[in-house]
Structures are given as structure tokens and as C-alpha cells.
K.L.:
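Take this structure first; my questions come after.
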Amino acid sequence: MAAALSWEVRDAIAVVTVDLPGEPVNKLTRAVQEEFIAALETLGRDPEVRGVALFSGKRDAFIAGADIAEFVAVTSAAEAERLSAGGQDMLERVARFAKPIAVGIHGACLGGGLELALACHYRVATDHPKTELGLPEVQLGILPGAGGCERLPRLLGARAALDLILTGRSERGTRAWRVGLVDELVPPSILRDVTLAAARRMADGWRPRRRRRGGVLGWILDGTPLGRRLVYRAARRRVLATTHGNYPAPLAALDAVAYGLRHGFAAGLKHEAQLFGQLAVTDVSRKLVQIFFATTQLKKDFGIREPPPPRDVRRLGVVGAGFMGAGIAGTAAAQAGVDVRMKDADLPRVAQGLLAARAIVDERLRRRRITRFEHTRLVALLSGDARYGGFGRADLVVEAVFEDLAVKQQVLREIEEVTPEGAVFASNTSTIPIARIAQAARRPERVIGMHFFSPVARMPLLEVIPSEHTAPEVVSTAVAFGRRMGKTAVVVRDHPGFWVNRILAPYMNEAAHLLAEGVAVAELDRLMVAWGFPVGPITLLDEVGLDVAEKAAGVLQAAFGDRLAAAPAFAVLVKEGRLGRKAGRGFYRYVAGKKRGVDPAISELLGVQPNGGPRAAEIIQRLVLVMLNEAARAVGEGVVRTPRDGDLAAIFGFGFPPFRGGPLRHADDLGAARLVDELARLAERLGARFAPCDTLAEQARSGAKFYP
Ligand code: 3H9
């Protein structure tokens, strides 16, 4: 195999380039680590070399970390521990190398890549948006196992280090420099020269002096055992508030950091490797890694065979300047940088939509994701009108008007009049079949569904729904544009409710049935959050909007019969104007946009006093199984092309617990025979809505699974 490392000596500095042949990104595979060790030995012996400058040979990527495929292949904790110890050993050699090493970082510098950079003696990073530094290991269910839990707290202090390690968040170059992760920040054009100059200065005896910020309070918190204990306690509380004990990695990482600071660097490394070993073979880590690979696969998948190149979208039209329309417009400008023209019935509505769209761009500035200059440029991309001015040059138009077939068809007819022949018309419907909307079209092959989720700027999923008439190029265009907007795009079949709403509907309905049986609102939410959802079903209903949920349920009931009939609670609340968060009241009360407690009036409205209802285990069983059953049925109908698509869409669409791998992966874990058995018993007791679907029954008979 060709070597990943190469170097040339320039004025006594060895300029080392890492470029893993045949791979899009650099990874610290075992082979690369061995090469590093051999290279250090050679360079250490070479009298002409007085220092080292390290770079990546990849265009926009530094090093993406250890090779994830290598650590998922390990079969025991002991083997994983050895892998970690091997990485630590190599980086110890880097850190203790007798000649100074400066590293120039451009592009993703993640996991083991950052651990390598931390072991070097000086770090220069570019201010380019592609440059990001972080330790995302906890997102894979492991911890930084090549010394990261030791070196980072010693560089930044316990608080700042834990903030990065426990969240797995990465920082752009500018922020990385501000927090002290890198020593110098430069534009890409001078990265080489500045890094080489640093190596040369160090070779001449100069040493960087790093001062930690934070004043006296910072010193107490980071620098004293008592202060650190407070820091650990607060960190532990934060972790448990977000993970509910379902993810062991962040707590293990906290343990590794605390142990190392208490018992010293060497003992810390040993403990870190042990914990890495234990985590690497957990089911949670396996699931999270599966999701990582499934997500990278999906990035290259256009959802159709032999996809033609997508149309280049430069101008986007958005019809409907309400909450969804504004979200689509603002996200398109902020992420894809396209010209956006909004249209609604009158100018005040357009103005309001533009303001909401602009707020998304403003938010990026506030979070320092863009510069003031970029902000000005992006804001200027947003414009609007009460007529179709500007639509004559649109490449793609997304319609986000009222969820009503006739209204959507009318908008489609109008758009076809004003847009060029090749333009794509996308409907942001959440339930209406695209083929029905396209019945009104002159060019049905240019019509497709692009179902965004609310709030658009934050929700990562996009369902792309071609009808049977949609042209392949239109599918590629919708998927590619969704990706430019930063979305995970999943192509689903044109079937009522598509995928996400189809499997959410029975879950939401079951939640309402449970309320009617006397389960308290807060208890229902609490149980499902503890099971791993980001919010419980009732909070989700309030977020989605009771009117929207009722409408979706109506469409699904019409298509699939009483199995998906809406629970009566929806209609009761809608009639009272309790539409959820947007109305300031739903099941919960909202004051100035902030969620307060459950509204006491709810019990009376629903005509039932909370009485505990069924046991907690049964509540969870009913909510989960009714969803898994519907998911399996929808797979049988070909709503998603692969179980991978179904699982990712559930995880990104409504936060199905990632550590469970998605509804279909979870169904496999439980086993079809057990599911069918439990569903049949529930059906007997509670009604036909639980009757096991054919897909599961068939799997139970044949022993088949969704995943091989
Ligand atoms: C770690 O470092 C543990 C250490 O602490 C301890 C060790 C002892 N491994 O995403 P893309 C593949 S854990 C294996 O499409 P982008 C990816 O699967 C690691 N493969 O590109 C894909 O393969 P294919 C911590 C990896 O430009 C191809 O590269 N690091 C790895 O959109 C292109 O990827 C992470 O968690 C890897 N580490 O995004 C970072 N990285 O072509 C994970 C990438 O066959 N990586 N691949 O489908 C990322 O976040 C993104 O890939 C990155 C590039 C931002 C780097």
C-alpha cells in the first residue's frame, strides 16, 4: 500500500504531508500510526532536520480522526483498550519528540486528528469556514482515547475542555483561536509560511507562552481541587439533563478528565484507554457508529437509480410567507446563498415573512457563524412581492401555502404561468399526495414534494417526494438543493403522510388515548423523554400544532381507515383555539414564547382527572409498539427505499432515540416474533389498532429482519 506520509527538508525544517492515498479524508489508521512512528525515528536521527512542520495533503480536510471502521471491528474491550493505548503511544512520541513540531490546520481536524494537533508543539489554523476543530467521539459513543482527555484540559482548563469533550461540538478556526485551542489564526494562503516560520523559531529556541484567560474565578474553578469538584458536579448535571442516563460516553469522558487531573498524566492515560475499551464495545456506540456510516452513505445517494446531474439552482421562489415559507426562504439564503423571492397575497404578509427569514440570517451572525460582511450579502439575497415579479427567472419554486388541495393546485397553475419551462415546482405539503397536486399541472414531470420540518432552520430532515410522473432530474435537483440547505434528504414514496407523519400519527394518537385513560400530560412526556426522545409526545403535539396534527390525522384516516383515526382530544382542543405553542396555549401554557406548566384546564376539557392510568411500562410499550408496527407496515408498502432511510428519517425528523438506532433497527433488536406476540395481546385488550401488520407477521414466520 502506498505511503500516507511524505516529506521534504527545507532550510532544516522537515515539511511532512499526510495524504492517505485513495481516501477523501485523512484517517489515523493503524498503518498511518506506524508510518508516523517510523517517520519520527528517521527525522529524529537526521542531523539536517531541526524541526518539523506538519500539513494535510487533502484539499479541504486536515485529519478526520481515528479510522472508525477499525474500532468497530474490535470484538473485545481489551482489544479496544489496546487500540487506544497504541494511539496514545504514538502521540506521546509526537509530544516528546526532541525537535519541535508545528502543525498547520486547514479543514476538518477532528477526534484523533485534533489529539495529534494537541500533541504537537505549536498549532496554526486557517480562518476558512471548512476549518473545524473538535472531539466528536462522544457522538460515536466513545471518548477521546488518544490522550485527548488529558491534553485538552491541561491546555484549556477543565471547564473549557469539558465543554468540548462532553458535547462533541466542533469549533471554527476563529473560535478555536479565541479559546486557545490554536496558537495562531491565518488565511489559508499563508498557512504554510506561518507554520514553517513557527517551526523555525522553535528550532532556534523560542517557546510559545500561553496564558489562560478567566481571571481569579477561572483560576479557582480550573486550578484548585475544590473548584474542579464544582466544575465536575455542574458538568455531570448538564450531561444527565440531556442524556437521561441513556448515553454512557459523556460520563465516562468526565471520569477520564477528572481522574487524569487528580492522579497525573500517565495514570490518566491508562484510565482513558480502559474507559475507551469499555465504551467501544457497547451497544450504544455500535448504534451511533452505524448512524454515522448510514449518514455518510446517504450524502451520496440521490434516491433513484442513475441520477442525472441536478439543475443548478441560483434563484428560488417561495410562495407563502408564513412560518414555514419564511423558514425555507431564510434557510435557503443563509445556507445555500441563493437569491430568494418571496410571494404572498399582500405586502404586509410578505414584509412579515421577510423579517422572519432575515431573523434566520441574523441568528447566524449572532452565533458568529458568518461575518458582518457575509451577513450584509446574505440579507440582500432576500426580497419579496405580492405579485409574481422575479419568478420569471426562478429555477425552483417551493410552495408553502395553506394545506388544502385546491389552494395548492391554484398556486401551481399560477406558478406554471410565470416560471420558465425547466423550473421545478416543489410543494411543502406534509400529507397531500404529490400526484394529486400534480393533476392540475401542465408539466407534472416538474412537480415534486419537498417536505421540510418546523422550525426549518433547525430541523435537519427533508423528505423528498417524487410522484410517478416526476422526472429524474427533478428528483436530483430537489435532493441536491435540500443538501445545499444543510438538510439530510431522504427520498420517500408518494403515499399519504409519506414516512415521518405516517409513523408519528399512531404514536400521537396513542398518547391521546392514554390521556383519556387518565395518564397525566407531564408524566407521559417525562416517560418518553426518559426513553430517549428529545421531547415527549404531548410537547411535540404542541410544537407541531394541534390543528396541523388534526388535519394530518384526517388525511391518514381517509387513506388508511380507523386504525389511524384521530383521537377525539385533538378536536376538543382545536375547537377551544388551543393550537399549541404558536397560539400561546395547547396542552401546556406559553408565556412570551416560553413553555410554562401543563394547563390545569386540560383535565376538565378532556373530561378526565389524572389517575395514573396504566403502568409506566405499559405506557411506553403502547407508544413504541404502535409506532414500530406502523413503520413496519409502511416499509412493506415501499414508503422508504431501505430500512436505513426509514431509521435516519425518524432520527432526524423527530428525534427517535439515536442510541436505539431508529424504529426499524429497534424492531430488529426486539425481534419480530416478540413484537407480533405483544401487539396481538394489546390488540385483544385495546382494539384492532394494535393488530400486528403483515410485514412483522411474515418476519416472525420466516425469521427475517429489516437489516441483514
Ligand atoms: C477517534 O478519533 C477516536 C480517537 O479519539 C481515539 C483513537 C484511539 N473514520 O462525511 P464525508 C469517511 S473517532 C472512517 O462524506 P464530508 C466517510 O465515511 C473519530 N471513515 O465527507 C466517507 O466514506 P465513503 C472521530 C471516515 O466532507 C468519507 O470519509 N472523528 C472518517 O462531508 C467522506 O466523508 C469523527 O467522528 C473516520 N474518522 O465530511 C469525524 N471520517 O466515502 C467523522 C470520514 O466511503 N467524520 N470518513 O462514504 C466527519 O465528521 C466527516 O466525515 C468530515 C468530512 C467532517 C471529516
Side-chain angles (χ1 to χ4, degrees), residues 4 18 20-34 36 56 58-74 77 79-92 94 105-119 128-152 164-165 167-172 249 252-253 256-257 269-270 272-281 285-286 288-301 483-484 486-489 644:
V18 194
L20 194 59
E23 294 284 344
V25 299
N26 282 322
K27 296 174 278 192
L28 291 178
T29 60
R30 281 199 184 100
V32 171
Q33 293 181 28
E34 277 162 26
F36 254 106
S56 158
K58 304 290 181 207
R59 198 164 168 262
D60 279 327
F62 179 67
I63 297 174
D67 186 353
I68 299 169
E70 261 177 18
F71 82 71
V72 290
V74 302
E79 195 186 342
E81 185 179 334
R82 280 196 295 279
L83 197 72
S84 167
Q88 292 175 346
D89 172 58
M90 172 207 143
L91 295 191
E92 271 296 278
V94 170
I105 301 162
H106 174 71
C109 172
L110 301 171
L114 179 56
E115 290 175 298
L116 167 63
L118 290 171
H128 193 272
K130 289 240 168 172
T131 298
E132 48 167 343
L133 297 93
L135 295 171
E137 282 87 343
V138 293
Q139 291 171 1
L140 298 170
I142 51 170
L143 51 67
C149 295
E150 302 308 310
R151 289 202 173 84
L152 196 63
L164 286 176
I165 294 172
T167 58
R169 192 184 68 232
S170 52
E171 302 285 19
R172 293 277 181 84
V257 169
L269 283 181
K270 213 162 167 338
E272 177 186 286
Q274 279 164 354
L275 291 169
F276 180 92
Q278 290 163 15
L279 290 172
V281 291
S285 175
R286 295 273 142 108
L288 296 178
V289 168
Q290 278 160 355
I291 293 169
F292 169 75
F293 282 122
T295 312
T296 45
Q297 253 183 18
L298 189 63
K299 281 190 210 165
K300 287 180 279 189
D301 187 344
R483 288 195 187 129
R484 281 177 65 196
K487 304 299 169 203
T488 297
R644 174 204 70 189

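Just follow the structure's listing: the first ligand is 1, and inside any ligand the first atom is 1.
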K.L.:
For ligand 1, indicate whether the residue L135 contacts it via side chain, backbone, both or neither (heavy-atom separation under 4.0 Å).
P.N.:
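The answer is neither.
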K.L.:
Tell me the nearest of T296, D67, V25, L298 to atom 17 (C) of ligand 1, using heavy-atom distances.
P.N.:
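Selected option, by shortest heavy-atom distance: T296.
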K.L.:
Name the residue from L110, T167, I165, L143 that meets the side-chain contact (heavy atoms from CB on, under 4.5 Å) definition with L135.
P.N.:
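Result for side-chain contact (heavy atoms from CB on, under 4.5 Å) with L135: I165.
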K.L.:
Before giving the answer on side-chain contact (heavy atoms from CB on, under 4.5 Å), spell out for L116 and M90 the whole-Å C-alpha distance, their side-chain angles and the decisive distance to 0.1 Å.
P.N.:
CA-CA 9 Å; L116 167 63; M90 172 207 143; 4.1 Å; yes
K.L.:
Run the numbers for me: atoms of ligand 1, each under 4.0 Å from some heavy atom of E115, listed by number.
P.N.:
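Those atoms are 4 (C), 5 (O), 6 (C).
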K.L.:
If a pair satisfies side chain to side chain donor-acceptor pair (under 3.5 Å) and one of its residues is in residues 132-141, list it, with sequence neighbours excluded.
P.N.:
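Only E132-S170 qualify under side chain to side chain donor-acceptor pair (under 3.5 Å).
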K.L.:
Any sub-3.5 Å donor-acceptor pair from Q278's side-chain atoms to A77's backbone N or O?
P.N.:
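Such a contact is absent between Q278 side chain and A77 backbone.
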K.L.:
To the closest 0.5 Å, what do you measure between CG (L140) and CZ (F71)?
P.N.:
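Reported to 0.5 Å precision, the distance equals 5.0 Å.
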K.L.:
Check the pair H106, D60 against side-chain contact (heavy atoms from CB on, under 4.5 Å), reporting the backbone distance first and the verdict last.
P.N.:
CA-CA 6 Å; H106 174 71; D60 279 327; 2.8 Å; yes
K.L.:
May I ask whether atom 37 (C) of ligand 1 is less than 4.0 Å from at least one protein heavy atom?
P.N.:
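Under the 4.0 Å cut-off, atom 37 (C) of ligand 1 does have protein heavy-atom neighbours.
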K.L.:
With only distance considered, is F71 within less than 3.5 Å of ligand 1 through an N or O on each side?
P.N.:
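There is no such contact.
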K.L.:
Please walk me through it: do S285 and I142 pass side-chain contact (heavy atoms from CB on, under 4.5 Å)?
P.N.:
CA-CA 6 Å; S285 175; I142 51 170; 3.8 Å; yes
K.L.:
What is the closest protein heavy atom to atom 26 (C) of ligand 1, and at what distance does it sit?
P.N.:
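Checking every protein heavy atom, the shortest distance to atom 26 (C) of ligand 1 gives K27 CD, 3.8 Å.
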K.L.:
When you check the gap from the basic side-chain N to the acidic O, do E92 and R151 get nearer than 4.0 Å?
P.N.:
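Salt bridge flag = yes for R151 with E92.
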K.L.:
With nothing but distance in play, are any N or O atoms of G87 less than 3.5 Å from an N or O of ligand 1?
P.N.:
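For ligand 1, there is no N or O atom that lies under 3.5 Å from one belonging to G87.
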K.L.:
So, taking the atom named CD in E23 and the one named CG in D67, what distance separates them when rounded to the nearest 0.5 Å?
P.N.:
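That separation rounds to 7.5 Å.
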K.L.:
Atom 28 (C) of ligand 1: which protein heavy atom is closest, and how many Å away?
P.N.:
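Sorting protein heavy atoms by distance from atom 28 (C) of ligand 1 puts P24 CG, 3.5 Å first.
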K.L.:
What's the shortest distance from atom 11 (P) of ligand 1 to any protein heavy atom, and which residue and atom give it?
P.N.:
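Protein heavy atom with the smallest distance to atom 11 (P) of ligand 1: K299 NZ, 3.5 Å.
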K.L.:
Return the residue, atom name and 0.1 Å-rounded distance of the protein heavy atom closest to atom 50 (O) of ligand 1.
P.N.:
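Here the closest protein heavy atom is L110 CD1, 3.8 Å.
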K.L.:
Taking 4.0 angstrom as the limit and counting only heavy atoms of G111, give me the atoms of ligand 1 inside it, by number and element.
P.N.:
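Reading through ligand 1 atom by atom, the close ones are 2 (O), 25 (C).
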K.L.:
Under 4.0 Å from any heavy atom of G112, which atoms of ligand 1 are there?
P.N.:
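Near G112, meaning under 4.0 Å from one of its heavy atoms, ligand 1 has 1 (C), 2 (O).
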K.L.:
Could you list the atoms of ligand 1 found under 4.0 angstrom from a heavy atom of E132?
P.N.:
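Those atoms are 55 (C).
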K.L.:
Output yes when a side-chain donor or acceptor of Q88 lies under 3.5 Å from a complementary backbone atom of L269, and no otherwise.
P.N.:
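Checked: pair present.
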K.L.:
Answer yes or no: does an N/O atom from A66 fall short of 3.5 Å to an N/O atom of ligand 1?
P.N.:
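Yes, A66 has an N/O under 3.5 Å of an N/O on ligand 1.
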K.L.:
Using a strict cut-off of 4.0 Å, indicate which atoms of ligand 1 neighbour a heavy atom of G65.
P.N.:
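Matching atoms, with element in brackets: 2 (O).
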K.L.:
Which residue holds the protein heavy atom closest to atom 30 (N) of ligand 1, what is that atom called, and what is the gap in Å?
P.N.:
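Checking every protein heavy atom, the shortest distance to atom 30 (N) of ligand 1 gives A64 O, 2.9 Å.
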K.L.:
Between CG of L164 and CG of L133, what distance do you get to the nearest 0.5 Å?
P.N.:
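That separation rounds to 9.5 Å.
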K.L.:
How far is atom 6 (C) of ligand 1 from its nearest protein heavy atom, and which residue and atom name does that atom have?
P.N.:
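Heavy-atom neighbour on the protein nearest atom 6 (C) of ligand 1: G145 N, 3.6 Å.
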K.L.:
Hey, could you give me the CD/CD distance between E272 and E81, rounded to the nearest 0.5 Å?
P.N.:
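Here the interatomic distance stands at 11.0 Å.
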K.L.:
Which option out of E137, Q139, K300, K58 puts a heavy atom nearest to atom 23 (O) of ligand 1?
P.N.:
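Among E137, Q139, K300, K58, the closest heavy atom to atom 23 (O) of ligand 1 comes from K300.
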K.L.:
Strictly distance-based, threshold 3.5 Å: is any side-chain N or O of E115 a donor or acceptor partner for the main-chain N or O of G148?
P.N.:
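Between the backbone of G148 and the side chain of E115 there is a qualifying donor-acceptor contact (under 3.5 Å).
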K.L.:
What is the nearest protein non-hydrogen atom to atom 52 (O) of ligand 1, stated with its residue, atom name and distance?
P.N.:
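For atom 52 (O) of ligand 1, the nearest protein heavy atom comes out as F292 CZ, 4.2 Å.
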K.L.:
For atom 8 (C) of ligand 1, grab the closest protein heavy atom and report residue, atom and distance to one decimal in Å.
P.N.:
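Checked against all protein heavy atoms, atom 8 (C) of ligand 1 sits closest to S84 CA, 3.7 Å.
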K.L.:
So if I count the atoms of ligand 1 from 1 in the order they appear, which ones are less than 4.0 Å from some heavy atom of P144?
P.N.:
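In order of numbering, the contacting atoms are 5 (O).
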